[in-house]
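Lettering follows sequence order; numbering is per chain, from 1.
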Amino acid sequence: MSDVAISTRGLRKTYRTRRGRKVVAVQGLDLEVPAGGVHGFLGPNGSGKTTSIRMLLGLVRADAGTMTVFGRPVPAQLPDVVGRIGAIVESPKFFPAFTGEKNLELLAEAIGAPRARVGEVLEQTSLGERGRDRFRSYSLGMKQRLAIAATLLKEPDLLIFDEPTNGLDPAGIREIRETMRGLGEQGKTVLVSSHILAEVEQVADTVSIIGHGRLLASGTVAEVIGGGTAPTVKVAVGDHEAATRILVAAGLTVRADGKYLLVEGAPDPADVTRRLAHQELYVSELAPVRADLESVFLELTEGEGL
Amino acid sequence: MVRLTKVELRRLMARRLTAVGLAGLFLITILLLVATWFDARPLSAVEQQQAQQQYEMAHKDWGEHAQEMRTQCEADWKTQPDPKPKLEEMCVYSEPKPEDFGKPPTVFAQIMPELLQGSSYFLAFAAFLIGASFLGAEFSSGAIGNWLTFEPRRLRVYGSKLLAAATGFVPIAAVVLAVILFGTFLIVDKLGDTASTTGKVWGDLSAIGGRAVLTTALAAALGSVVGLLLRHTAAAIGVVMAYLVLAEGVFAAFLEKAQPWLVKLNFDAFVRHGAQYSVTECKTGSDGSYICDYVQKTLSFEHGAWYLAIFTVVVVLLGGWVFHRRDVN
Ligand SMILES: Nc1ncnc2c1ncn2[C@@H]1O[C@H](COP(=O)(O)OP(=O)(O)O)[C@@H](O)[C@H]1O
Ligand SMILES: [Mg+2]
């Protein structure tokens, strides 16, 4: 078995809008998703995540580039690997007038899965009795669970979730997160797209960040967000001028941010308090500033002239 | 492909619109039989008596005046300008017959072909509508995208859907037509005349019925393609209605010569094994008069069959090509 679940090279897609305008959605994307574990596929809205996923699934035709899933070129050999892929693209879409169960039965029959599997996956996703209600009547969380149940019909090795927590309440978000974590721990590959870093950083083993349809960074979460450098801390202190002088003299970068100072370059936050206390400047508040995706993204795209 | 077609058939039969459509077909069938029954009812004793009286009066009148009128007419004929109509056509006063009065009995062999043809229209319409919504709903709900992540081979998906729509309507059309055929036979057998129903008549009727089953299946498949192309049931119905009104109605009225290329006439020619249509032919006579005539023409069965076959193949191929290339959201 190949240790790369998904790989794309030079993937490209331009849409034509109704008015004939061209929209470049993906431009030369090189993506590599290792097999096993959860991989976050991050990028702001409109950066081409959904389009890339659709191309991988053969729903949208790529203009250029190559893709493989489990080492098989897709979409050419997609029929051979599709049984190993479970995917939910954007919001779950089923036949609204049919019950959840009926929807699953049709899918199961189409792929030749045994009928009993439907009951099992309904139980697994705790839909149970609600499976007999029309899909139309489901809450977003239930629709999401039905979609997960559908992917489980195939017992897939690769699961693709496109912004699965969009519109869910905190309980729903946690549930999805736990599902993804569980699948990752079972050794399955989970590709989860999101525009919110916090949403995936707790579960993702590795991430890829894209912007304007291009890969900007990839690696483990720490590698990508930290960029290998020391974290930034936010400091509240009485005398800004004096504190800045001291910290700059110590080789740190300091910026004012309202009533706080943002200090970069300290390998250990204790360093900051110690130096200031030494000069009788006492820190009343100190917090690490977590790089969020937007700032990492902005940082990453700055140099690109995008 | 067989498995997929079975799944699609199951989906077709589980849809509410299919159930509603079937109920509608059932209702129309019943109404049609009831109407036939009313039509075939013989006159009441009072009405029969009135008809008899009218006949006797007419016959008496004829006995008294026919000779006189004939003489008068012949005299008139002599004074007619040339070219004269034929004397035999102008001056006919034939003896009234009792069967010309009152209601003639309903003859099964005469009414049945019309009835089957009429049924073929509403069957085709229902099949088209249900077919269009079968695929239109799939696209408008977005369920097709999910479906394709289970079976990405588009042409199989396409084929299975059309096949399901078409084959699903074969038994439906067959049952509806059989009920109408045998129901009418029973009614007419009781109230009218079925004596002339020879083996050949039965053969012709079942051939018409068989072809109506086929056109229903085709309509279901074509409806599916149009639903797929337009991605919306309502849009599909709208387009077809507009076509029927504009092309088949308005256009045909202005451009009579185009009739052999319209769907309706070819449909009739196929189902009825030949169809009549009329065009106005005008010519300037030797004396400079401008005369227009309705001329009856026949569109052959073969024309209809080829037309429908080519039409279907083109539409199905077009739909397949579009679906094969289309980005699905
Ligand atoms: N069907 C479409 N037609 C035209 N433009 C599209 C279509 N789908 C997406 N786009 C455009 O392509 C870009 C990428 O969209 P998308 O892949 O949905 O991004 P993301 O999922 O990262 O938010 C956006 O600018 C979007 O407007
Ligand atoms: Mg998206």
Please set out all donor-acceptor pairs under 3.5 angstrom arising from side-chain atoms of residues 75-82 of chain A, sequence neighbours excluded.
{"residue": "Q77(A)", "atom": "OE1", "partner": "R72(A)", "partner atom": "NH1", "Å": "3.0"}
{"residue": "D80(A)", "atom": "OD2", "partner": "R72(A)", "partner atom": "NH1", "Å": "3.2"}

Counting only non-hydrogen atoms closer than 4.5 Å, does [X] touch chain A with its backbone (N, CA, C, O), its side chain (CB onward), both, or neither?
{"X": "R11(B)", "answer": "both"}
{"X": "R154(B)", "answer": "side chain"}
{"X": "E8(B)", "answer": "neither"}

Exercise for review: Classify the side-chain pair Q27(A)/R12(A) by whether it contains a donor and acceptor separated by less than 3.5 Å.
Suggested key: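 No, no side-chain donor-acceptor contact under 3.5 Å.
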Exercise for review: Using distance alone, with no hydrogens and no angle criterion, decide if D162(A) and T50(A) have a side-chain donor and acceptor under 3.5 Å apart.
Suggested key: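 On atom types as modelled, these side chains qualify, holding a pair under 3.5 Å.
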Check your understanding: What salt bridge (charged side-chain N to carboxylate O under 4.0 Å, His left out) pairs are there with at least one residue in residues 214-234 of chain B, not counting sequence neighbours?
Key ->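 Non-adjacent pairs meeting salt bridge (charged side-chain N to carboxylate O under 4.0 Å, His left out): zero.
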Given a strict heavy-atom distance threshold of 4.5 Å, which part of [X] is in contact with chain B: side chain, backbone, both, or neither?
{"X": "A110(A)", "value": "both"}
{"X": "A150(A)", "value": "both"}
{"X": "Y15(A)", "value": "side chain"}

In terms of side-chain geometry, is the basic nitrogen of [X] or [Y] positioned less than 4.0 Å from the acidic oxygen of its partner?
{"X": "E109(A)", "Y": "R10(B)", "value": "yes"}
{"X": "R132(A)", "Y": "E101(A)", "value": "yes"}
{"X": "E151(B)", "Y": "R153(B)", "value": "yes"}

Name the atoms and distances for all side-chain donor-acceptor pairs under 3.5 Å in residues 56-65 of chain A, with sequence neighbours left out.
{"residue": "D63(A)", "atom": "OD2", "partner": "T14(A)", "partner atom": "N", "Å": "2.6"}

Review point. Considering heavy atoms only, which positions within residues 17-24 of chain A lie below 4.5 Å of chain B?
Key: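 Interface residues of residues 17-24 of chain A: none, nothing closer than 4.5 Å to chain B.
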Review point. Do the rings of W261(B) and Y307(B) sit parallel, tilted or perpendicular, given the 30° and 60° boundaries?
Key: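 Ring orientation, 0 to 90° scale: tilted.
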Review point. With respect to chain A, which residue among R15(B), R326(B), K6(B), R16(B) yields the maximal number of heavy-atom pairs within a distance under 4.5 Å?
Key: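 Top count of heavy-atom pairs under 4.5 Å with chain A: R15(B).
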